[in-house]
Amino acid sequence: MKKRLLIATHSTFADGIRNAMELVTGRQDSVSTLCAYTDDMSEVETPVREIIDGLGPDEKLIIATDIFGGSVNNEFMKYLSQKNIHLIAGVNLPLLFELVSCLNAPDTKKALETAVDNSREQICYCNLLLDQACPACDTF
């Protein structure tokens, strides 16, 4: 089964984060973007429906959206009953690196669970690292 990754966000964030990802990974032909609420797109229902309707019977679509509960994410939530749709909210660059590797994984669900867990570990309040390494630094 062929897998594709769609980055779907408000405004042009999807294009920007894809460009940043491809700076590291190289061009990813299986990755596309949906930039909602730009000059070209005033609503998301129609383009989302067109994307879903355009899926072939042998395709899986992994969708990464920017905000859980946001309008873009909520529109894709309507299609989760389809077994070939996988939706992840909270896209960031470490997550995209992980998701690209999921495109070849035999067990999509397990790979996506691992991808989300691994990308969570990349979120860090770095000041705490300094505080732990040098408690005296807090006196400055």
Side-chain angles (χ1 to χ4, degrees):
M1 185 166 274
K2 181 181 176 186
K3 295 178 199 164
R4 294 188 302 133
L5 172 60
L6 173 68
I7 307 165
T9 67
H10 296 81
S11 191
T12 59
F13 178 49
D15 284 343
I17 198 166
R18 178 187 180 177
N19 289 340
M21 176 196 68
E22 288 182 339
L23 181 69
V24 175
T25 66
R27 179 156 173 79
Q28 299 293 318
D29 292 328
S30 296
V31 178
S32 58
T33 60
L34 174 70
C35 296
Y37 306 112
T38 60
D39 292 338
D40 298 335
M41 185 186 312
S42 60
E43 54 89 21
V44 295
E45 184 176 334
T46 302
V48 167
R49 185 176 354 96
E50 290 172 353
I51 290 167
I52 300 298
D53 290 347
L55 285 175
D58 63 336
E59 287 184 300
K60 283 188 181 183
L61 182 61
I62 300 166
I63 306 150
T65 63
D66 51 358
I67 302 171
F68 177 70
S71 58
V72 176
N73 184 260
N74 286 345
E75 195 59 40
F76 282 105
M77 293 279 289
K78 297 175 182 178
Y79 299 94
L80 288 183
S81 61
Q82 296 183 28
K83 299 295 182 198
N84 61 338
I85 303 292
H86 299 271
L87 179 61
I88 299 172
V91 70
N92 60 37
L93 206 48
L95 177 62
L96 288 180
F97 294 144
E98 294 279 340
L99 294 180
V100 167
S101 70
C102 292
L103 295 175
N104 297 317
D107 184 344
T108 304
K109 184 176 178 181
K110 181 64 176 162
L112 292 176
E113 289 172 8
T114 301
V116 169
D117 288 343
N118 289 346
S119 67
R120 271 191 195 117
E121 292 175 12
Q122 293 295 310
I123 298 172
C124 178
Y125 177 34
C126 297
N127 292 49
L128 294 179
L129 297 175
L130 181 62
D131 293 345
Q132 292 169 0
C134 179
C137 292
D138 194 33
T139 60
F140 292 110

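Note that the numbering runs from 1 along the sequence shown for the chain. Predicted model, so just to flag it, every value in this text is computed and none were measured.
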Do [X] and [Y] have side-chain heavy atoms sitting under 4.5 Å apart?
| X | Y | answer |
| --- | --- | --- |
| F13 | V91 | yes |
| F76 | L6 | yes |
| P47 | E75 | no |
| M41 | L34 | yes |

Is there a chain of hydrophobic side chains (I, L, V, M, F, W, Y, each step under 4.5 Å between heavy atoms) that links [X] to [Y]?
| X | Y | value |
| --- | --- | --- |
| L87 | L55 | yes |
| F97 | I17 | yes |
| I52 | V72 | yes |
| I123 | V116 | no |
| I63 | M77 | yes |

[X] side-chain N/O to [Y] backbone N/O, donor-acceptor pair under 3.5 Å:
| X | Y | answer |
| --- | --- | --- |
| R18 | I7 | no |
| D58 | M1 | no |
| K3 | A105 | yes |

If you look at every heavy atom in [X] and [Y], which pair is closest and at what distance?
| X | Y | value |
| --- | --- | --- |
| N73 | G69 | OD1-N, 3.6 Å |
| A115 | C102 | CB-SG, 3.9 Å |
| V100 | Q28 | CG1-OE1, 3.3 Å |
| Y37 | E43 | CE2-CA, 4.1 Å |
| T33 | A14 | CG2-O, 3.5 Å |
| V44 | A36 | CG1-CB, 3.2 Å |

Say you draw a straight line from [atom1] of [X] to [atom2] of [Y]; how long is it, rounded to the nearest 0.5 Å?
| X | Y | atom1 | atom2 | result |
| --- | --- | --- | --- | --- |
| H86 | K109 | NE2 | NZ | 9.0 Å |
| L5 | M21 | CG | CE | 6.5 Å |
| D29 | E22 | CG | CD | 8.0 Å |
| K2 | L103 | NZ | CG | 10.5 Å |
| L95 | R120 | CG | CZ | 9.5 Å |
| R4 | N84 | CZ | CG | 10.0 Å |

If only side-chain N and O atoms count, and only distance matters, is there a donor-acceptor pair under 3.5 Å linking D66 with T9? no
Audit row: Y79, V48, side-chain contact (heavy atoms from CB on, under 4.5 Å) steps and yes/no: CA-CA 10 Å; Y79 299 94; V48 167; 3.7 Å; yes
Quick one, Q122 with N92, criterion side-chain contact (heavy atoms from CB on, under 4.5 Å). Give me CA distance, side-chain angles, the key distance, then yes/no. CA-CA 10 Å; Q122 293 295 310; N92 60 37; over 6 Å; no
